[in-house]
Asker: 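Sharing a structure below in structure tokens format, with a few things to ask.
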Amino acid sequence: MLLLMFLILHLYLQVLVTASSSSSEEDGSSERDDGEHSKGSSHQHQWGYHDQERWLSAFEHCRGKSQSPINIDTRKVFYEPRLPAIQLEGYDLTGSPALTLFNNGHTLQLSLPSSMRIVTGFDHVYVAAQLHFHWGTTADPGSEHTVDKVHFPAEIHVVHYNSKYANLIEAASKADGLAVLGGFIGIGLHENDNYEKILSALKDISKEESNTEIPGFNVRHLLPNSLEGFYRYAGSLTTPPCFQTVSWTLFNDSIRVSRRQLAALEDSLKTEHNKLLSKNFRAPQLLHGRKVLTSFRTASTTGKAREAPRLETHGSGVMKTSGAKWHILAITFGVLFAVTLLVFSMYTYRQKKKYSKFKKDSKQNVIYKPAAKDTDPTSVTVT
Ligand SMILES: [Zn+2]
């Protein structure tokens, strides 16, 4: 019995140790450094997508433990109903001044006015700066994030910075500096008129470092119809210098463009030495204990609740698991259980001993009945 109790206590201790080690990984992931797609219009030739291994030696933050993109394993996400909905403001730029579309050699980028904002969804308002795309080839789909290891053909990133900072460059190096909205782009049967507003201009910027102006339009229409369902996690820029300052929101609903439109994105732009600008996506990075939250129930969260235990908002609005209360509960239950077992086993032991003594005495009474004593079995005490 004592051995059983020891085993149970050992088991509880192991659970506690596991829980605290995962908390410290989370703390590690929150030790953020400096700065995103902060390169903005500043062009960096020192890196390319063909040698992503070299990023690790050339850019220290790329070796961090909160890197992006990641694979989203839908069996391991945590449903968090308290994630605030994303609400956008000023995204309709119809009739607004023209927007600059830019081939920076790494991606196709559209500059956005500061009137575009995420007004709810985070602790602060986040101001839009630019949007850009990642894509592959027909044979090699090029979204950066993957869902259950599957790539979408392309991905859009709308980059915002925290309004408490002066601009994107300043915010990019701050822990709560950036919020990027990501949308997966798939192939549909019809032309997407909203994407055509950008894609029809690609012929004018096929050359690296060239730009053009396109009329203002409703940028909201570049994102999925529904913004309700999304994944949220703490990550980084997906390009050097890989600053770990991005609160990522990846929408569950996807965007559709026609096969012809996707081909236009894949085949129009050139990078250095007149090479095709293609496959501009970084490989998925390790989670290192980070948690991916969802604002919606997935197939795997519907049946058995996988809600995150306790959550608190942390800086950029990225939710962090708080293990403290969980620890206290585990310890309390562990101790209670152990005490109950101890009392029960002592009681059982006493009863057993009492019974065997009684039997022994009874037998003695029969065989060697003492002459001088009237034995009352109930008066027998165990010492
Ligand atoms: Zn990006």
Side-chain angles (χ1 to χ4, degrees), residues 37 40-41 86 88-113 115-118 128-145 151-160 180-227 230 249-271 276-281:
H37 299 250
S41 61
I86 296 285
L88 306 173
E89 198 176 87
Y91 262 54
D92 188 355
L93 301 176
T94 312
S96 299
L99 304 166
T100 302
L101 193 62
F102 181 46
N103 169 1
N104 68 13
H106 294 304
T107 189
L108 164 66
Q109 184 171 299
L110 185 68
S111 298
L112 300 172
S115 52
M116 282 176 56
R117 289 155 182 255
I118 305 173
Q130 48 103 333
L131 65 82
H132 61 265
F133 301 88
H134 301 268
W135 62 89
T137 64
T138 308
D140 195 1
S143 70
E144 294 213 293
H145 291 86
H151 281 272
F152 283 76
E155 187 170 331
I156 179 175
H157 290 161
V158 190
V159 180
H160 301 73
V180 179
L181 304 181
F184 294 114
I185 302 173
I187 298 174
L189 292 175
H190 307 290
E191 299 275 304
N192 184 321
D193 293 339
N194 303 298
Y195 272 72
E196 196 57 23
K197 287 170 176 135
I198 289 179
L199 298 175
S200 61
L202 294 191
K203 58 186 183 309
D204 302 328
I205 54 167
S206 65
K207 219 172 138 223
E208 184 189 26
E209 296 230 52
S210 58
N211 62 65
T212 187
E213 305 271 294
I214 62 170
F217 64 102
N218 193 343
V219 180
R220 167 65 183 85
H221 293 154
L222 296 179
L223 290 173
N225 286 333
S226 170
L227 305 184
F230 58 83
T249 303
L250 296 162
F251 296 111
N252 183 47
D253 192 13
S254 59
I255 303 136
R256 295 270 182 275
V257 300
S258 71
R259 195 171 288 279
R260 182 199 67 78
Q261 288 180 305
L262 183 65
L265 183 63
E266 291 170 349
D267 301 333
S268 299
L269 305 184
K270 300 285 170 35
T271 181
L276 188 64
L277 170 46
S278 177
K279 299 215 260 190
N280 58 349
F281 57 96

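Note that the structure is a prediction, hence the values are computed from the model and not measured.
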Asker: For Pro113, give me all partners under side chain to side chain contact (heavy atoms under 4.5 Å, CB included), at least two apart in sequence or on another chain.
Answerer: Leu93, Leu99, Ser115, Met116

Asker: Go through the structure and list residues passing ring-ring contact (aromatic ring centres under 6.0 Å, His included) with Tyr91, not counting sequence neighbours.
Answerer: none

Asker: Arg256: what forms a side-chain hydrogen bond (donor to acceptor under 3.5 Å, both in side chains) with it, not counting sequence neighbours?
Answerer: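 With sequence neighbours excluded, Arg256 shows a side-chain hydrogen bond (donor to acceptor under 3.5 Å, both in side chains) to Ser254, given in chain and number order.
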
Asker: Tell me the closest heavy-atom pair linking Lys197 and Ile214, and the distance in Å.
Answerer: O-CD1, 3.8 Å

Asker: If I compare all heavy atoms of Ala139 with all of Pro141, which pair ends up nearest, and what's the gap?
Answerer: O-CD, 3.7 Å

Asker: Using the salt bridge (charged side-chain N to carboxylate O under 4.0 Å, His left out) criterion, which residues pair with Glu191? Sequence neighbours excluded.
Answerer: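 For Glu191, the residues satisfying salt bridge (charged side-chain N to carboxylate O under 4.0 Å, His left out) (neighbours in sequence not counted) are Arg260.
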
Asker: Look only at the side chain of Ser268 and the backbone of Lys203, and say whether a donor-acceptor pair between them is shorter than 3.5 Å.
Answerer: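 No; zero donor-acceptor contacts below 3.5 Å.
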
Asker: Check side chain to side chain contact (heavy atoms under 4.5 Å, CB included) between Asn211 and all other residues, then give those that pass, not counting sequence neighbours.
Answerer: Thr100, Phe102

Asker: Leu227 versus Leu181: any side-chain heavy-atom pair under 4.5 Å?
Answerer: no

Asker: Is the backbone N or O of Gln109 less than 3.5 Å from a side-chain atom of Gln130, with the two atoms forming a donor-acceptor pair by type?
Answerer: no

Asker: Could you tell me which non-hydrogen atom of Gly136 sits nearest to which non-hydrogen atom of Glu266, and how far apart they are?
Answerer: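 That would be O-CG, 3.4 Å.
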
Asker: Working to the nearest 0.5 angstrom, can you tell me the gap between Ile187 CD1 and Thr138 OG1?
Answerer: 7.5 Å

Asker: The test is side chain to side chain contact (heavy atoms under 4.5 Å, CB included); show your working for Asp193 and His221 and say whether it passes.
Answerer: CA-CA 9 Å; Asp193 293 339; His221 293 154; over 6 Å; no

Asker: Would you check if the side chain of Asp204 reaches a backbone N or O of Thr212 as a donor-acceptor pair within less than 3.5 Å?
Answerer: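 A pair under 3.5 Å: no.
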
Asker: Apply side-chain hydrogen bond (donor to acceptor under 3.5 Å, both in side chains) to Asn218 and list each qualifying residue two or more places apart in sequence or on a separate chain.
Answerer: none

Asker: Which residues satisfy the side-chain hydrogen bond (donor to acceptor under 3.5 Å, both in side chains) test with Asp92, sequence neighbours excluded?
Answerer: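 Listed in chain order: Thr94.
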
Asker: For a quick test of reading the model, state the closest non-hydrogen atom pair linking Leu101 to Ala201 and the distance between them.
Answerer: CD2-CB, 3.9 Å

Asker: Please name all residues satisfying side-chain hydrogen bond (donor to acceptor under 3.5 Å, both in side chains) with Lys207, sequence neighbours left out, ordered by chain then number.
Answerer: none

Asker: Testing His151, His106, His157 one by one against His134 for a ring pair (Phe, Tyr, Trp, His ring centres under 6.0 Å), which residue passes?
Answerer: His157

Asker: Which residue in the set Leu110, Asn192, Ile156 passes side-chain contact (heavy atoms from CB on, under 4.5 Å) when paired with Ile198?
Answerer: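 Among Leu110, Asn192, Ile156, the one meeting side-chain contact (heavy atoms from CB on, under 4.5 Å) with Ile198 is Leu110.
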
Asker: List the residues meeting side chain to side chain contact (heavy atoms under 4.5 Å, CB included) with Ala154, not counting sequence neighbours, and say none if there are none.
Answerer: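 For Ala154, the residues satisfying side chain to side chain contact (heavy atoms under 4.5 Å, CB included) (neighbours in sequence not counted) are Trp135, Ile185, Leu262, Leu265.
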
Asker: Would you indicate whether the side-chain heavy atoms of Leu276 and Leu269 approach each other to under 4.5 Å?
Answerer: no

Asker: Is there a side-chain contact between Arg117 and His160 (heavy atoms, below 4.5 Å)?
Answerer: no

Asker: State, to 0.1 Å, how close Asn194 and Leu222 come at their nearest heavy-atom pair, and which atoms those are.
Answerer: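 Heavy atoms only, the tightest pair is O-CD2, 3.7 Å.
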
Asker: Quick one: list whatever passes side chain to side chain contact (heavy atoms under 4.5 Å, CB included) with Lys279, sequence neighbours left out.
Answerer: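 Thr137, Asp140, Phe281.
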
Asker: Output all residues satisfying ring-ring contact (aromatic ring centres under 6.0 Å, His included) with Phe230, sequence neighbours left out; order by chain, then residue number.
Answerer: none

Asker: What orientation do His145 and Phe184 show, parallel under 30°, tilted 30 to 60°, or perpendicular over 60°?
Answerer: perpendicular

Asker: What residues form a salt bridge (charged side-chain N to carboxylate O under 4.0 Å, His left out) with Glu89, not counting sequence neighbours?
Answerer: none

Asker: Of all the heavy-atom pairs spanning Pro153 and Gly186, show the shortest one and how long it is.
Answerer: CD-CA, 3.9 Å

